[in-house]
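Below: one structure, written as structure tokens.
Excluded from the calculations below are hydrogen atoms, water molecules and symmetry mates; all remaining heavy atoms, backbone and side chain alike, are included. Counting starts at 1 for both ligands and their atoms, following the listed order.
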Amino acid sequence: MDTLAYQPENCWTHYTSSQERVAMDGTAQEYLDFLSQCKTERETIAWLVDQAQQVGFSENLSADQVMISWRSKALVLVRRGRAPLSQGLRLITAHADTPHLDLKQHPLHEECQVALLKTHYYGGIKKYQWLARPLAVHGVVVRKDGQVVPVCVGEAESDPVFTVLDLLPHLSRKQREEVVDKAFVGEKLNVAVGHEPLDAEGQDRIQALVLKLLHSAYGIQEEDLFSAELQVVPAGKARFVGLDRSLLGGYGQDDRLCVFAAWRAFMNAPISEHAQVLVVWDKEEIGSDGATGAKSRFMEYALADLVDHWEPTSKLRHVLQRTKAISADVHAPMDPDYQDVHDKHNAALLGFGPVFSKFTGHGGKYGASEADAEYVAWFRNILAGENIPWQMAEMGKVDEGGGGTVAKDLAVYGMEIIDFGPGVLSMHSPFEISSKADLYATIKAYGAFFCS
Ligand code: MN
Ligand code: MN
């Protein structure tokens, strides 16, 4: 009877050969380098475009390997399959945006001999996690003449960093009595950027020196900050965590963990029956709205252009309706210190492979995209055929909260889509944690899907 009961499989005891462990370590190091280098959606898309170009992807829609990017923030990569497009795609989608602090439009001011940059946070953050830690600024400033000036300060050893100041415990009596949401307010997330006055002491002389330094480094003036996208992110590199180096720590793993896993799987995949598609979105963390989010028409238009070039007699709607897709986004596995927010019978564990969420949403499945039982069955068969560990879970207890992904925005086309991605602990924090073994299994799972 024992074989009738379901047992999830631990990736660490599944992948034991030295060959596999060497591959696992190499992949993890590559992933950490990617995470250290790509801290914004623009940097991630630029990295992907560069990598794709190196292996022959181009914007030539008549070629077999096509790359279509949008506003430097979203991307579609397509590899032609043996079957016509009208038989559907094998599509994996992930998002490249991550929670951070955006500079306000009028960011620069000074108070009490410190020049500060005002911010408006982006995405779901716990504000206190952004205080009293080294921060970097990444992004672009676009000058009136249209020139795009890239900015990245705080990553090189010789760079200065920035920081949001925190209140000393000695004077925090009132703050300690507040609920967390009230104790840390968005308007206090100001980034220290200078202290020395220009020339002599006086009104606004500290911010004057900051402006002078910005001008000499980037040729910009204060008005140029109106046409800038500057993001404050945690400074420093992604690292191995733990004496056994089994955990991967770094900023932005939701969802660059899936971007990387899907990209690696896509690049490793041979030409297969169905056309393989990788779609990377922006704005998922704030509801997928706008021109570069999953609710936009970008993917639809890109695929329509492709159908026009490759198969003008086929209908895009049929291509989409016959598509099988993965919403590759990270999952919240059991947190060892906060197990009470999970239903342990339906929670994922770090190290047990990528996690299916048959549905997302919250409270009564509100706002959910739900995969059909038929699709889950099809997928189980694919993974069983390749002997890849995976798990099935629901994020958190019923009524504890919840969340959505881009799955629902793609499900509207009638494609079969399911959320499937590795677990991340400390999600949305400046230092998210994933499992080296899960990354390895996830790449294998996505690869099996692309070749299905
Ligand atoms: Mn996500
Ligand atoms: Mn998220």
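- Annotation: cation-pi pair R79/F266 present, NZ/CZ under 6.0 Å from the ring centroid and within 45° of its normal.
- The atom of E285 nearest to the Mn ion (ligand 2) is OE2, with the search restricted to N, O or S atoms.
- Summarising the local packing, CZ of F431 is surrounded by more than 12 heavy atoms from other residues, nucleotides or ligands at distances under 6.0 Å.
- Taking the six-membered ring for Trp and the full ring otherwise, the centers of F356 and H331 sit at least 6.0 Å from each other.
- Among the backbone and side-chain atoms of D329, an N/O/S atom is found under 2.8 Å from the Mn ion (ligand 1).
- Within the coordination shell of the Mn ion (ligand 1), defined by N, O or S atoms under 2.8 Å, H95 is present.
- Among the atoms of D254, an N, O or S atom is found under 2.8 Å from the Mn ion (ligand 1).
- Taking the six-membered ring for Trp, F379 and F449 have ring centres closer than 6.0 Å.
- Remark: L165 CG is packed, more than 12 non-hydrogen atoms of other residues, nucleotides or ligands lying under 6.0 Å away.
- Look at D255 and the Mn ion (ligand 2): no N/O/S atom of the residue is under 2.8 Å from the metal.
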